[in-house]
Amino acid sequence: MSFQNPVFIPGPTNIPESLRKACDMPTIDHRSPLFGEILHPARAKVQKVLKSDSAEIFIFPSTGTGGWETALTNTLSPGDTVLAARNGMFSHRWIDMCQRHGLNVEIVETAWGEGLPADRYADILKRDRNRTIKAVLATHNETATGVRSDIAAVRRALDDADHPAMLFVDGVSSIASMDFRFDAWGVDVAVTGSQKGFMLPAGLAIVGFSEKARAATKTATLPRTFFDVHDMANGYANNAYPYTPAVGLMNGLNQACGMLLEEGLDNVFARHHRIAEGVRAAIAAWGLKLCAVSPDVYSDTVSAIRTPEGFNATDIVTHAAQTYGVAFGIGLGEVAGKAFRIGHLGSLTDVMTLSGIATAEMCMADLGLDIELGSGVAAAQDYYRAHPAVTHKAAA
Ligand SMILES: *Cc1c(COP(=O)(O)O)cnc(C)c1O
């Protein structure tokens with residue numbers, strides 16, 4: 001007998017039954033019009049999820065990390081300068097990738113728990129009179145710290161400086177869960193993956209390119225083969241890939257986007273917000289603090305929770321897995337051992353969330369933290385009762 005609990009890691013997320021079935025396909029000819037009937041609608045719907053009328057969508061058999069590489073290698077050349085803030089493990093890893101590709105990164109060190117400092121970006125961009133900065137990197141939602149940054153403010157920083165640099169946004173843990181506006185924010189490359197907001201298994205890198213980013217591909221000289229967007233575009237023109245696509249995942253993506261668009265993107269974002277508010281109510285009731293420094297940067301997809309000094313937060317995650325068969329996220333990098341994470345994105349209901357909060361309480365009590373059983377659950381229950389889920393009422 002195997003018992004399957006929901007997971008509370010910030011990706012991979014829980015997979016709805018209908019999407020598991022959509023991914024389970026017999027083999028089809030991946031160079032046939034039949035594949036085109038999956039590929040083209042999936043790309044069109046991803047464009048809608050990005051809130052774009054013009055982004056060209058590329059989908060690689062890869063993960064979000066491959067999406068980062070797609071953004072860099074197709075648009076930049078060795079020695080080019082990019083501007084990036086480091087405020088957590090994911091922004092750090094994207095910076096590391098830039099450096100390994102021979103790019104020169106102007107790093108804005110930012111406290112873990114704070115959002116991207118758009119004002120410091122603005123100063124640097126204004127001072128860059130020779131326009132050496134070719135791209136600005138922005139991690140929309142820093143999954144390590146549960147911090148959401150203001151991408152519109154980064155766009156304003158570029159516009160105020162009248163700076164032509166491209167804007168690359170990592171939306172791996174925000175897109176399809178929190179408001180993301182490719183066109184309105186003037187994003188040039190958006191990066192995401194299949195296993196977070198899209199509620200699918202890992203296996204797809206999903207990227208959107210603006211016209212400006214597509215123009216940059218013509219002069220960019222970083223080496224690229226697997227992630228070359230021209231090869232990919234040529235494949236798409238023939239209902240195909242330059243290599244073998246992950247057909248089942250593509251079918252799942254097509255259906256996942258259909259689900260999200262049918263619910264309505266703004267309803268999806270509202271659902272994530274209220275689920276997150278319940279989790280935050282629980283955390284406050286426990287007397288614990290988030291890594292995120294202020295409400296304006298609270299993430300609606302993941303909460304990183306600081307534990308008391310001298311306590312190893314990772315023990316909560318280990319104990320939850322061993323004793324209750326439930327997965328939470330560990331603290332990463334600077335907050336390793338100091339925080340644990342509750343992922344609350346994707347396919348999640350109040351009932352599922354309450355089970356996660358209850359489990360976290362049991363673990364913390366088991367490990368001797370001063371947590372009153374039921375305190376967080378009650379706080380979340382109060383919040384959910386006062387803010388009923390729109391989708392259930394509509395369904396009934
Ligand atoms: C998960 C994540 C990534 C990495 O994606 P993979 O699919 O694991 O390669 C990158 N950035 C952010 C913000 C993430 O949450």
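We count ligands from 1, going down the list as the structure has it; atoms in each ligand are counted the same way. Note that these values count all heavy atoms, side chains included, but never hydrogens, waters or copies made by symmetry.
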Exercise for the section: Please name the residue in the list E334, E114, E109 that meets the salt bridge (charged side-chain N to carboxylate O under 4.0 Å, His left out) test with R86. Expected result: E109
Exercise for the section: Decide whether the shortest distance between a heavy atom of W94 and an atom of ligand 1 is less than 4.0 Å. Expected result: no
Exercise for the section: Ignoring hydrogens and angles, tell me if any N or O in the side chain of R341 forms a donor-acceptor pair with the backbone of G146 under 3.5 Å. Expected result: no
Exercise for the section: Check each heavy atom of T65 against ligand 1 and say whether those closer than 4.0 Å belong to the side chain, the backbone, both or neither. Expected result: both
Exercise for the section: Tell me which protein heavy atom sits closest to atom 11 (N) of ligand 1, plus the residue, atom name and distance to 0.1 Å. Expected result: D170 OD2, 2.6 Å
Practice task
Apply side-chain contact (heavy atoms from CB on, under 4.5 Å) to D350 and I275, showing your working.
Solution key: CA-CA 7 Å; D350 299 0; I275 291 275; 3.6 Å; yes
Practice task
Flag the pair D159 and R155 as a salt bridge only when some basic side-chain nitrogen lies within less than 4.0 angstrom of an acidic carboxylate oxygen.
Solution key: yes
Handout entry: N141 neighbourhood, listing ligand 1 atoms whose heavy-atom distance to it stays under 4.0 Å
Key = 13 (C)
Problem - K196 to ligand 1, any heavy atom closer than 4.0 Å - result: yes
Exercise for the section: Please confirm whether S173 comes under 4.0 Å of ligand 1, counting heavy atoms of the residue only. Expected result: yes
Practice task
Please identify which atoms of ligand 1 are closer than 4.0 Å to at least one heavy atom of T63.
Solution key: 6 (P), 7 (O), 9 (O)
Problem - Contact check, Q195 vs ligand 1, heavy-atom distance below 4.0 Å - result: yes
Practice task
Looking only at protein heavy atoms, identify the closest one to atom 10 (C) of ligand 1 and say how far it is in Å.
Solution key: W68 CZ2, 3.4 Å
Exercise for the section: Indicate yes or no: does R127 engage D123 in a salt bridge with an N to O separation below 4.0 Å. Expected result: no
Exercise for the section: Look at the rings of Y241 and Y243 and say which category their plane angle falls in: under 30° parallel, 30 to 60° tilted, over 60° perpendicular. Expected result: perpendicular
Exercise for the section: Measure from NZ or CZ of K51 to the centre of the six-membered ring of F269 and say whether it is under 6.0 Å with the direction within 45° of the ring axis. Expected result: no
Practice task
Answer yes or no: does an N/O atom from G64 fall short of 3.5 Å to an N/O atom of ligand 1?
Solution key: yes
Exercise for the section: Could you list the atoms of ligand 1 found under 4.0 angstrom from a heavy atom of T143? Expected result: 12 (C), 13 (C), 14 (C), 15 (O)
Handout entry: Test: R156 and D160 ion pair at under 4.0 Å
Key = no
